Amino acid sequence: QVQLVESGGGLVQAGGSLRLSCAASGRPCSSYHMGWFRQPPGKEREFVSAITWSGGNTYYADSVKGRFTISRDNAKNTVYLQMNSLKPEDTAVYYCAAMTSGFYSDYHEYDYWGQGTQVTVSS
């Protein structure tokens, strides 16, 4: 079992940047593929990005491609989401998740979830 804690959210103006972190405890996060999801106000949870256990492959939603970068440091048991050129439509609660296998963009496939961190982008 693994516990996930997100941090780094906050309020930022459009065009700004934030870096989210997801710290894992319990089992090493190197055992898991990791994903970031977000849930905008009044909307469904949606896929943002994912990274394989080794960091060798990364995946992005079209809406964030070219602006967001996912990375991981298995030695620190931490996954990051660097978010640049933020837009008001990026406003959401961002969740970190872990899975052993499955379809990376389907949140049903993930086994463990953090509590979420709020990102608000003002126009």
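Side-chain atoms are counted along with the backbone in the values below, which use heavy atoms only and exclude waters and symmetry mates. Note that this is a predicted model, so its numbers are computed, not measured.
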### Task
Kindly state each residue pair satisfying disulfide bond (SG atoms under 2.5 Å apart) with at least one member in residues 31-92, sequence neighbours excluded.
none
### Query
Which residue pairs pass the disulfide bond (SG atoms under 2.5 Å apart) test when at least one of the two sits in residues 57-91, sequence neighbours left out?
none
To the nearest 0.5 Å, what is the distance between [atom1] ([X]) and [atom2] ([Y])?
| X | Y | atom1 | atom2 | result |
| --- | --- | --- | --- | --- |
| S31 | M99 | OG | CE | 14.0 Å |
| Y104 | Y59 | OH | OH | 6.5 Å |
| S123 | K87 | OG | NZ | 14.0 Å |

### Task
Can you run down the ring-ring contact (aromatic ring centres under 6.0 Å, His included) pairs that involve residues 64-103, sequence neighbours left out, and say none if there aren't any?
none
Following the transitive rule for hydrophobic clusters with a side-chain heavy-atom cut-off under 4.5 Å over Ile, Leu, Val, Met, Phe, Trp and Tyr, establish whether [X] and [Y] coincide in one cluster.
| X | Y | value |
| --- | --- | --- |
| V64 | M83 | yes |
| W36 | L86 | yes |
| F47 | Y107 | yes |
| L81 | V12 | yes |
| V48 | V121 | yes |

### Message
Filter on salt bridge (charged side-chain N to carboxylate O under 4.0 Å, His left out), then keep only pairs touching residues 59-68, sequence neighbours left out; what's left?
### Response
D62-K65, R67-D90
[X]: partners by side-chain contact (heavy atoms from CB on, under 4.5 Å), with sequence neighbours left out:
| X | answer |
| --- | --- |
| W53 | H33, R72 |
| K43 | P40 |
| T58 | I51, Y60, I70 |

Exercise: identify the closest heavy-atom pair between [X] and [Y]:
| X | Y | value |
| --- | --- | --- |
| A98 | V2 | CB-CG1, 4.3 Å |
| L4 | M34 | CD2-CE, 3.9 Å |
| Y110 | A97 | CD2-CB, 3.4 Å |

### Task
Return yes if some donor-acceptor pair links the side-chain N/O of Q82 with the main-chain N/O of T69 below 3.5 Å, else return no.
no
### Query
Is a side-chain donor or acceptor of E6 paired with a backbone partner of Q115 at a separation under 3.5 angstrom?
yes
### Query
Got a sec, which residues hit side-chain hydrogen bond (donor to acceptor under 3.5 Å, both in side chains) with D111, two or more places apart in sequence or on another chain?
none
## Note on the structure
Residues passing the side-chain hydrogen bond (donor to acceptor under 3.5 Å, both in side chains) test with Q118, sequence neighbours excluded, are T120
### Any residue meeting salt bridge (charged side-chain N to carboxylate O under 4.0 Å, His left out) with R45, in chain and number order, not counting sequence neighbours
none
### Query
By salt bridge (charged side-chain N to carboxylate O under 4.0 Å, His left out), which residues pair with E46, not counting sequence neighbours?
R38
Identify every side-chain donor-acceptor pair in residues 17-26 under 3.5 Å, counting partners at least two apart or on other chains, and give the distances.
residue: S17; atom: OG; partner: N84; partner atom: OD1; Å: 2.9
residue: S25; atom: OG; partner: Q3; partner atom: OE1; Å: 3.4

